[in-house]
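Heads up: numbering here begins at 1 and tracks the sequence. None of these values were measured; they are calculated from a predicted model.
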Amino acid sequence: MASLWNLQGWFPWLCSAKGFNLVSSCSQRFLIDILNLVFVMIFLLGLLIAAYKKEYTIKGNRRKQWDSIVMSILCAAIGVAYFGRAGWILWNESNGSVHFNHIPEVVMSIRGLIWITLSVSVILHSSKLLRFLCLLWWSSFTLLITALYVKDLSENHKLEVFDSVVWAANLLLFLYVLKLIVKIKLHGQLETETLSQPLLKEENSSKILGEAGFFNRLTFSWLNPLLRLGYSKTLELKDIPSLDSEDEAICAYQAFAKEWDLLICTKARKKDLALLALARCYKKEMTLVGLYALIKSVTIAVSPLILRAFVSYSFLEHRDLYVGMSLVGCLLIAKLLESLSQRHWFFDSRRCGMRMRSAVMAAIYGKQLKISSQAMKSHSAGEIVNYIAVDAYRLGEFPWWFHMAWSLPLQLLFSVCILFGTVGIGALPGLVPLIVIGFLNVPIAKKLQQFQSEFMVAQDERLRATSEVLNNIKIIKLQSWDERFRNAVGLLRANEFKWLRETQLTKSYGAALYWISPTIVSGVIFAGTAAMKSATLTASTIFTVLATLRVMAEPVRMLPEVLSVLIQVKVSLNRIDSFLQEDEVKEDDVRRSPPKDVYLSVEVRDGDFSWDTNSVPSTLRSINLEIERGDKIAVCGAVGAGKSSLLYALLGEIPKISGSVNVYGSIAYVSQTSWIQSGTLRENILYATKGAIRCCALDKDIANFDHGDLTEIGQRGLNMSGGQKQRIQLARAVYNDADIYILDDPFSAVDAHTASILFHDCIMTALQNKTVILVTHQVEFLPRTDSILVMEGGKIVQAGSYEQLLKSGTSFEQLVNAHQSSFTTLNSSVKENKTKPSSEEHLKDAMSKYTEQNSEGEITIKGKPEMQLTEEEDTEMGNAGWKPYKEYIQVSKGSILLVQMVLFQSLFIILQSLSNYWLAVACQNHHIGNGILVGVYSAMSCLGCAFMFVRSLLTAHLGLRASKEFFSSFMDSVFKASMAFFDSTPIGRILTRASSDLTIVDFNIPYSFAFVLIGALEVVSTIGIIATVTWQVLVIAIPVLITIIYVQNYYLASARELVRINGTTKAPVMNFAGESFQGIVTIRAFGMAKRFFHENLKLIDTDAKLFFHTIGAMEWVLLRVEALQGLTIITSTVFLVAFIHGITSSGFSGLCLSYALTLSSAQVFTTRWYSNLENYIISVERIKQFMHITPEPPAIIQENRPAPSWPQQGRIVLQDLKIKYRPTAPFVLKGISCTLKEGNKVGVVGRTGSGKTTLISALFRLVEPFSGTILVDNLDICTIGLKDLRVKLSIIPQEPTLFRGSVRSNLDPLGLHTDHEVWEALDKCQLKSIVEKLPALLDSSVSDDGGNWSAGQRQLFCLGRVLLRKNKILILDEATASIDSATDAILQKVIRKEFSSCTVITIAHRVPTVTDSDMVAVLSYGNLVEYDKPSKLMDLKDSAFAKLVADYWRNCQRNPLINNQ
């Protein structure tokens, strides 16, 4: 060729004696140089014009344009080399040449000028037109010079060293061109700007899939705008395009619901209904995906045949280049079809799975809104969340695994046929170990099924317990039960971990079988072929067999995992099936009609109702009831009489046994236990009017909130007082403007004055024309009602007006007498002071002034705007680099394990490569017998497999260690966190980490680590082996690897953020489902099920669109990576076919080709698992965030532990106590100082939100004092451990809490007391008679949140707990708010008797509860405004306590019976 050393081909007349010949290399080189000179002149002219117009540009963002600089330096270096050669020739010729000829140095100088100009053109552009011409110049130059060198190689079988370097530089220049074209395609333009161009450009709006054309769909280019945006900035949720309508949850749900209803109607079967409904919905999509899977299976099976054809071609003495290039073409087509079919199989199957997931998630939520009360007992909130978080999510991958289940056996069948076609009957012995290994996989699959099922059951139990703990964390901390519940969750995790360990180790054995099987099968096939002489063990035969066994390896390895996953899906579908077939609330139990002309609002005839339809007697019996429109009906009775059950009967929540219920008009419902959603106050009230807010006494609360009605409410209303939550509920009901209002004891959580306002301004005024059914224990309001229903033992024993019931005596008289006796204390206090003429007048004056005032609001003071309570979830931004990987290894203490994994994997790769090299060498050496050939190969392969098995075990142990350490650290951190963390963190956020994130740490991350390691080493070793045969491929392979790294990083910039955002979109779905479950009765009563269902659909779609774009982006990068590595494969095969005939033996040709055919799959495997690992490692980041929560003070301080007998007296001293919940928040308590003497009964009163509960929180150190001290028996409580403090204090909280378990475990969770002591406590708290009637006595069940016990009974349980503990200090926080006056009076006597020598602090809304206290503290706006004996405070004219008593007095004086006293 016309090389550097042979320059006579510069001019055509020197190329040949016969003149210019276009076929000759020198003529072609001449034309290339002429073309280059033309481009040089055009470029220089363009630069002159740009300089004249002053609009030339230089690359922007130089720091990131290192490739441009490197390319420019390389071109300049080659230009300098040409100039140097020109000088060298000139010097040589001038010193000895006879025929002095300047042509060579001129040629070298011109080529040097061309390369120098190329160097300038890389970094300096002018107009877009010139930029386009540069791209055209670079690409045409490379393609032409490549064609010339390929032609010379095929003719001469060699290439000069300098020409090889120039060719490599040309190829790099071409890759640079490809990169710029990709940038133009993705970004719309290069990252260069002219001074005349605008500084800011509008981002092209991203197109969703529905708007994409065929080519964009084929290549996933519809994702380019999103990936471009993600590469230029950190993606946010608002940047993610919406789903197409066909992918939205509403569409998926409607299709599923239609098929489900058809199946239910036919009643042909009761099993697998969910699976059958999904199959009917998505049969078309599944068929298309099946077609992709079929194409992929066929193209993969064809690969060994193409390899055999290539090796056979290399044996030929006289090769036809056309035949060789045809083989290359067939390989190219096969790889193209394999790549496209596999990418669209993966994407479309997951897209279909996403639709299934959305449909099932919506169906589960919809079922939750309809499920009956009896069925609800079988499914806790945590279990329903698990159906969505685990079972429904599992369906996202189901279609892919389903098609794997049949395509892999098909691929296996194809491979077996190829084996028989290659070695004939010699393949038959190889089927024996294959079948044996297949049968060995069966018990492994069964074990995996068993372990997975057990693991899922154990996981459900742990998540249920975790959810219960998180929902009741405040009471757990108050009672100092942290350690007990932490141990309980730990024991459940230990059981879960046991099955996790079994699962992971079983997977290791399966992996060992996978790697051993090809070795054993290939060795047996080779031995059988040699023994039966069915085929000659040539390179063609050997490497075709090895390639076929590689194709077989995937089915052999994956089929057990496929079975395992399908078993998991089946278990999940069975659980979903079971839930979706649960009984629903019977709408015909309550006949609802519009009010129209009917004078009645509610009518019940001979109604019998029972929570358990099989129980005798019924919960409610012989209910006959008529309520006229506009009536105000009160329902009263003792604890457990059936008051709430009656309301549930009217709502249709309790199953009807017999009779009829008619309701005329719409309903609004206020539950006894407040149901508040996470969100703003406005969202909870549903945009209530000012009138509704005012009549519910919320106006001043809202005015004092920093964010007004946009103030965020924490999980379950944690940052609201009990009274505020109840008033928010009431405002929601008033805003609803219903015809009938069903109110279940709404005054229990508010003070007497606020209750008075709510009764008069809300019920009697705002709802004066509405029908109101009110359950209440406040007897003082009964005279104002139209009718009163007295409940006892599930029956209405009395009904009539207040006066009528008083005359009839019996049950109602007992309630009134109990209230009257509680009033006696107040009345006697007033009468004792009759000698003081001003006393009663003082009360009347206070009453007249006080009734004109509005309720005081929440103590929050207006100041600078504060952050909302519930903060946005923290996420890492951008590339976290190696940090999360280091954290994973450090937390799991797995550095040594990781090093061992790398070592054993490397040894495996080395031995595998050596065994294949041995085959390549031995098959050509006739002196080596078949026995030695097969023996040495099998020995090395088996040794390598042993190393692989050890690596699998190391991987399992690394994962198990990480699982244990992460869970332990995470749960320890959560349990030790302060209440401030739980107030500002939605429970769904914590549960997501405890469920899906922890599952990823358990199962995905360890094997992702191993797979990335395997893939990376395999890619490197494959390229290395190919290079040993055709070293020229490195010219392509190295730039391709660099480009792949760039494409991966380009993709990961967006993919990482997509996964992070997706992590924050899952929690709201779970949180919303959990919250809805808690308020299901309220939602149904308001008729808001449809609204909540559509809100749930929005959350599902938000989550789904992140999943959709995540899987699309994954296929985007894999398609491009596969295409790039395909370039390496094609280059390698072209060299083998065209350029190295006679240089490389057929054995090494087979070795090279067999490895080349696996390169793209190895690269895809590596890229996929590296991308997965990058996504999975985000779960480590998320869990790690909650492993370093700011803890509360230590439970025990060893050097400062109080005496076991502390406190002996129970004296409490508050010294200038100031409390704030956040450093920047206003003070909630503002310098309180007082002394609570030992043995005193101290009543704490104040308006709702005045700081009463905060004071109690300070005593228990749920919130640490900002300043000031709290002394108990002269010991500063802040100097001792929390456990030492809290176990010495007893409390009956405002919201009674029971845990799932038994009566015994709820009274004595720590198991410190005997059965006799427990029965004594039950007797004292009025529960013994109820428990004795239960079959299991103390072991009788308590459901989630104590749902099978009334609110009053739950408060009695809490009283039983403190009776067992017998501490010197007792706090009653609205302890009797949910029980009737009679029971309250009994319990007050019990408390006075049992805690006679104790210090008792009572927060109460019933004034008589505190009037007999030794001292009364009155709080207002966080200040202690009064602290004295109640009798003295009532004597003071302007006393705040006197005002409270006056208001209560005023309400009681409406009671005719009391007025007659």
Side-chain angles (χ1 to χ4, degrees), residues 477-484 1193-1217 1232-1244 1255-1262 1264-1265 1268-1293 1307-1314 1317 1320-1321 1324-1325 1358-1373 1375 1387-1403 1410 1412-1417 1424 1427-1429:
K477 287 185 175 294
L478 286 171
Q479 301 284 3
S480 191
W481 291 338
D482 315 54
E483 188 176 348
R484 185 262 182 193
I1196 294 174
I1197 301 174
Q1198 290 293 346
E1199 63 273 12
N1200 202 14
R1201 299 200 68 176
S1205 59
W1206 177 87
Q1208 291 180 325
Q1209 299 173 327
R1211 181 186 181 88
I1212 302 173
V1213 179
L1214 308 179
Q1215 297 176 346
D1216 193 28
L1217 181 64
I1232 292 179
S1233 297
C1234 65
T1235 300
L1236 284 66
K1237 294 181 180 178
E1238 57 273 20
N1240 270 6
K1241 308 297 181 287
V1242 180
V1244 182
L1255 177 61
I1256 302 306
S1257 296
L1259 284 174
F1260 283 87
R1261 290 176 64 193
L1262 291 181
E1264 293 292 314
T1269 56
I1270 302 174
L1271 303 177
V1272 175
D1273 283 4
N1274 297 318
L1275 177 63
D1276 184 352
I1277 65 171
C1278 292
T1279 62
I1280 63 175
L1282 291 181
K1283 183 175 181 180
D1284 287 335
L1285 169 67
R1286 291 171 182 171
V1287 295
K1288 297 296 183 177
L1289 305 178
S1290 295
I1291 184 172
I1292 303 178
L1307 284 169
D1308 183 24
L1310 303 181
L1312 302 176
H1313 302 279
T1314 64
E1317 291 172 325
E1320 277 190 344
K1324 292 172 183 175
C1325 67
C1358 295
L1359 176 61
R1361 289 170 183 162
V1362 302
L1363 288 169
L1364 281 172
R1365 293 181 76 163
K1366 298 177 181 178
N1367 284 325
K1368 293 293 290 185
I1369 297 174
L1370 171 65
I1371 294 97
L1372 307 176
D1373 187 2
L1387 293 182
Q1388 292 301 331
K1389 290 178 183 177
V1390 171
I1391 291 170
R1392 279 193 291 271
K1393 178 184 176 182
E1394 297 296 326
F1395 298 95
S1396 57
S1397 62
C1398 301
T1399 304
V1400 180
I1401 303 171
T1402 304
I1403 295 176
V1410 295
D1412 66 341
S1413 300
D1414 299 307
M1415 301 290 285
V1416 171
L1424 180 65
Y1427 183 61
D1428 211 332
K1429 293 182 179 179

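- Within the 3.5 Å criterion, the main-chain N or O of Glu1317 finds a donor-acceptor partner in the side chain of Thr1314.
- Counting heavy atoms from C-beta on, the side chains of Leu1214 and Leu1424 never come closer than 4.5 Å.
- At least one donor-acceptor pair under 3.5 Å links the side chain of Thr1399 to the backbone N or O of Gly1210.
- In this structure, Trp1206 contributes its side chain and Lys1288 its backbone to no donor-acceptor pair below 3.5 Å.
- The CD1 atom of Ile1256 lies 4.0 Å from the CD1 atom of Ile1403; values are rounded to the nearest 0.5 Å.
- Put simply, the side chain of Asn1367 never gets that close to the backbone of Val1362: no donor and acceptor are under 3.5 Å apart.
- Using a distance-only test at 3.5 Å, with no hydrogens or angles considered, a donor-acceptor pair links the side chain of Asp1273 to the main chain of Gln1208.
- The two residues Gly1239 and Asp1414 have their closest heavy-atom pair at O-OD2, 4.1 Å.
- Closest heavy-atom contact between Ser480 and Lys1283: OG-CG, 3.5 Å.
- Interatomic distance, Leu1359 CG to Leu1364 CG, rounded to the nearest 0.5 Å: 10.0 Å.
- Using modelled atom types, one side-chain atom of Lys1368 and one backbone atom of Ser1397 make a donor-acceptor pair closer than 3.5 Å.
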**Message:** One pair to check against side-chain contact (heavy atoms from CB on, under 4.5 Å): Leu1236 and Met1415. What are the steps and the verdict?
**Reply:** CA-CA 8 Å; Leu1236 284 66; Met1415 301 290 285; over 6 Å; no
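- Annotation: side chain of Val1272 is not in contact with side chain of Gln1209 (no heavy-atom distance under 4.5 Å).
- Of the possible polar contacts, one joining the Asn1200 side chain to the Thr1279 backbone as a donor-acceptor pair under 3.5 Å is found.
- Separating the OG atom in Ser1290 from the CD atom in Gln479 is a distance of 7.0 Å, to the nearest 0.5 Å.
- The closest donor-acceptor contact from the side chain of Asp1284 to the backbone of Ile1196 lies at 3.5 Å or more, if one exists at all.
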**Request:** Apply side-chain contact (heavy atoms from CB on, under 4.5 Å) to Thr1402 and Lys1241, showing your working.
**Result:** CA-CA 8 Å; Thr1402 304; Lys1241 308 297 181 287; 6.0 Å; no
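- The two residues Leu1363 and Ala1321 come nearest to each other via the heavy atoms CD1-O, 3.9 Å.
- A 4.5 Å side-chain heavy-atom check between Phe1260 and Leu1282 finds every atom pair outside the cut-off.
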**Request:** Begin with the C-alpha distance, continue with both residues' side-chain angles, and end with the deciding distance and a verdict on side-chain contact (heavy atoms from CB on, under 4.5 Å) for Ile1401 and Leu1259.
**Result:** CA-CA 11 Å; Ile1401 303 171; Leu1259 284 174; 3.7 Å; yes
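- Leu1285 contributes atom CG, which lies 8.5 Å from atom CD1 of Ile1270 (distance to the nearest 0.5 angstrom).
- In this structure, the separation between CG on Leu1255 and CD1 on Ile1232 is 5.5 Å, given to the nearest 0.5 Å.
- Residue-environment remark: CD (Glu1264) exceeds the threshold of 12 foreign heavy atoms within 6.0 Å.
- Contact detail for Arg1201 and Ile1197: the closest heavy-atom pair is CG-O, 3.1 Å.
- A donor-acceptor pair is defined here as one N or O able to donate and one able to accept, closer than 3.5 Å; such a pair exists between the side chain of Arg1286 and the backbone of Arg1261.
- With hydrogens and angles ignored, the 3.5 Å screen pairs no side-chain donor or acceptor of Asn1240 with any backbone N or O of Val1242.
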